[in-house]
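Report on the following structure.
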Amino acid sequence: MTQAITILVGTMTGTAELVAQELSDVLKVQGFAPRVEPMEKVAADVFESGGVFLIVSSTYGNGDVPDNAQAFFADLSTSRPDLSNVIYGLIALGDTTYKATFCQGGLKFDRLLTELGAARAGAPFLHDASSGELAEDQACGWVAEWISSELAPAMAA
Ligand SMILES: Cc1cc2nc3c(=O)[nH]c(=O)nc-3n(C[C@H](O)[C@H](O)[C@H](O)COP(=O)(O)O)c2cc1C
C-alpha cells in the first residue's frame, strides 16, 4: 500500500506553504501519498491514527510558532495525546538574524512531539532565510536523503 505522509504547515508569509507544496511533489515522485494541511485547519486529533508526518514551521515573535499554528500547538500542549505511533521529520524555517531564537518555532514543535512520545526520524532540517539559499530547494534536497537514510529505517524499527 502507498505510504501516506501528512505535511503540517505553520506559516506567516507563505514560505513554509511553498516548501510543503514542493515537498509534496517530490514525495509523489518517490511513490508516497502526501497530503498538505495548513495548521489552522487541524487539531490534536490529526495524529489520532498515527503514521508519518512532516512538520514544516517558520518562527515569529520571540521564537514562537506562527499565528496559524498557535491554536494547534495549544491544543496539543493541553490535550497531550499519546503519539507513540507517530514518526515525524522536522523542517524549521528561521533567520540567523534572530540569533537567540533561530528556528525556535519549529523546534518548539520538535520538543512537544518528542515529549508526547512521537519518534523523530533523522535530525531536524533548519533553514536560514539569510543564507541566500531557497528554502524549497534545500528542503527538497533534504527530503530525498531523509526518505532513504532516516524514514525507511525508522519505519522498519
Ligand atoms: C516579524 C518577524 C519575526 C521573525 N522572528 C524570527 C525568530 O524569532 N527566529 C527566527 O529564526 N526567524 C524569525 N523570523 C524569520 C522567519 O521565520 C523566516 O523568514 C521564515 O522563512 C518565514 O517563513 P514563512 O513565510 O513560512 O512564515 C521572523 C520574521 C519576521 C518577519
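Index from 1, following the sequence.
- Residues Ala69 and Gly10 approach most closely at CB-CA, 4.4 Å, considering heavy atoms.
- In this structure, Asp95 contributes its side chain and Thr59 its backbone to no donor-acceptor pair below 3.5 Å.
- Atom-to-atom distance recorded for Asp128:CG and Thr96:OG1 is 3.0 Å, nearest 0.5 angstrom.
- Under the 4.5 Å side-chain heavy-atom criterion for ILVMFWY residues, a single connected hydrophobic cluster contains both Trp142 and Ile5.
- Checking side-chain atoms of Gln70 against main-chain N and O of Val65 turns up a donor-acceptor pair under 3.5 Å.
- Of the candidates Leu113, Thr6, Leu116, Phe47 forms a side-chain contact (heavy atoms from CB on, under 4.5 Å) with just one, namely Leu113.
- Within 6.0 Å of CG in Asn62 there are 12 or fewer heavy atoms belonging to other residues, nucleotides or ligands.
- Val56 and Phe73 fall into different hydrophobic clusters, where Ile, Leu, Val, Met, Phe, Trp and Tyr side chains are chained together by heavy-atom contacts under 4.5 Å.
- Taken to the nearest 0.5 Å, the CZ atom of Phe72 stands 14.0 Å off from the NZ atom of Lys41.
- Between Leu107 and Leu90 the shortest side-chain heavy-atom distance falls below 4.5 Å.
- Put simply, Val52 and Ile147 are part of the same group of oily side chains (I, L, V, M, F, W, Y) that touch within less than 4.5 Å, one to the next.
- Taking both residues in full, the closest heavy atoms of Gly31 and Thr2 are given as O-CG2, 3.1 Å, listed atom of the first, atom of the second, then distance.
- Using modelled atom types, one finds no donor on one side chain facing an acceptor on the other under 3.5 Å when comparing Ser58 with Thr11.
- In this structure, Ile7 and Glu37 have side chains that are not in contact, with every pair of non-hydrogen atoms separated by 4.5 Å or more.
- Between Glu17 and Glu136, every side-chain heavy-atom pair lies at or beyond the 4.5 Å cut-off.
- Here the side chains of Leu23 and Ile91 are in contact, with some heavy-atom distance below 4.5 Å.
- The two residues Pro66 and Tyr60 come nearest to each other via the heavy atoms CB-CD1, 4.3 Å.
- Closest approach of Cys103 to Gly94, counting heavy atoms only: SG-N, 3.5 Å.
- Gln30 contributes atom CD, which lies 10.5 Å from atom CG of Leu151 (distance to the nearest 0.5 angstrom).
- Looking only at side-chain heavy atoms (C-beta outward), Phe109 and Leu8 stay at 4.5 Å or farther from each other.
- More than 12 heavy atoms of other shown residues, nucleotides or ligands fall within 6.0 angstrom of atom CD in Glu115.
- With Thr97 contributing its side chain and Ser130 its backbone, the two residues share no donor-acceptor pair below 3.5 Å.
- Side-chain contact between Arg80 and Leu112 is present, with at least one heavy-atom pair separated by less than 4.5 Å.
- Contact check for Leu18 versus Leu134: no side-chain heavy atoms found under the 4.5 Å cut-off.
- A continuous path of hydrophobic side-chain contacts links Phe32 to Val26 [ILVMFWY only; heavy atoms under 4.5 Å].
- Taking CZ of Arg35 as the start and CG of Leu27 as the end, the distance is 13.5 Å to the nearest 0.5 Å.
- Cys140 SG to Glu145 CD: the interatomic distance, rounded to the nearest 0.5 Å, is 14.0 Å.
- Under a 3.5 Å cut-off, the side chain of His127 and the backbone N or O of Glu133 do form a donor-acceptor pair.
- Shown here for Pro34 and Ser24, the closest heavy-atom pair between the two residues is CG-O, 3.4 Å.
- Residues Val86 and Met155 are members of separate hydrophobic clusters, defined by side-chain heavy-atom contacts under 4.5 angstrom among Ile, Leu, Val, Met, Phe, Trp and Tyr.
- The shortest heavy-atom contact between Pro153 and Ser149 is CG-O, 3.2 Å.
- Here the side chains of Val143 and Phe125 are not in contact, with every heavy-atom distance at 4.5 Å or above.
- Using a cut-off of 4.0 Å between Lys/Arg side-chain N and Asp/Glu carboxylate O, Arg120 and Glu150 are scored as not salt-bridged.
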* Show your working on side chain to side chain contact (heavy atoms under 4.5 Å, CB included) between Asp110 and Tyr88 and close with a plain yes or no. => CA-CA 9 Å; Asp110 187 42; Tyr88 71 98; 2.5 Å; yes
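- One N or O on the side chain of Ser79 and one on the backbone of Asp75 form a donor-acceptor pair closer than 3.5 Å.
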* After noting the C-alpha distance and the side-chain angles of Met12 and Asp67, does the key distance pass the side chain to side chain contact (heavy atoms under 4.5 Å, CB included) rule? -> CA-CA 7 Å; Met12 203 81 113; Asp67 288 355; 3.8 Å; yes
* Does the pair Phe53 and Val46 meet the rule for a side chain to side chain contact (heavy atoms under 4.5 Å, CB included), with working shown? -> CA-CA 10 Å; Phe53 291 78; Val46 71; 4.3 Å; yes
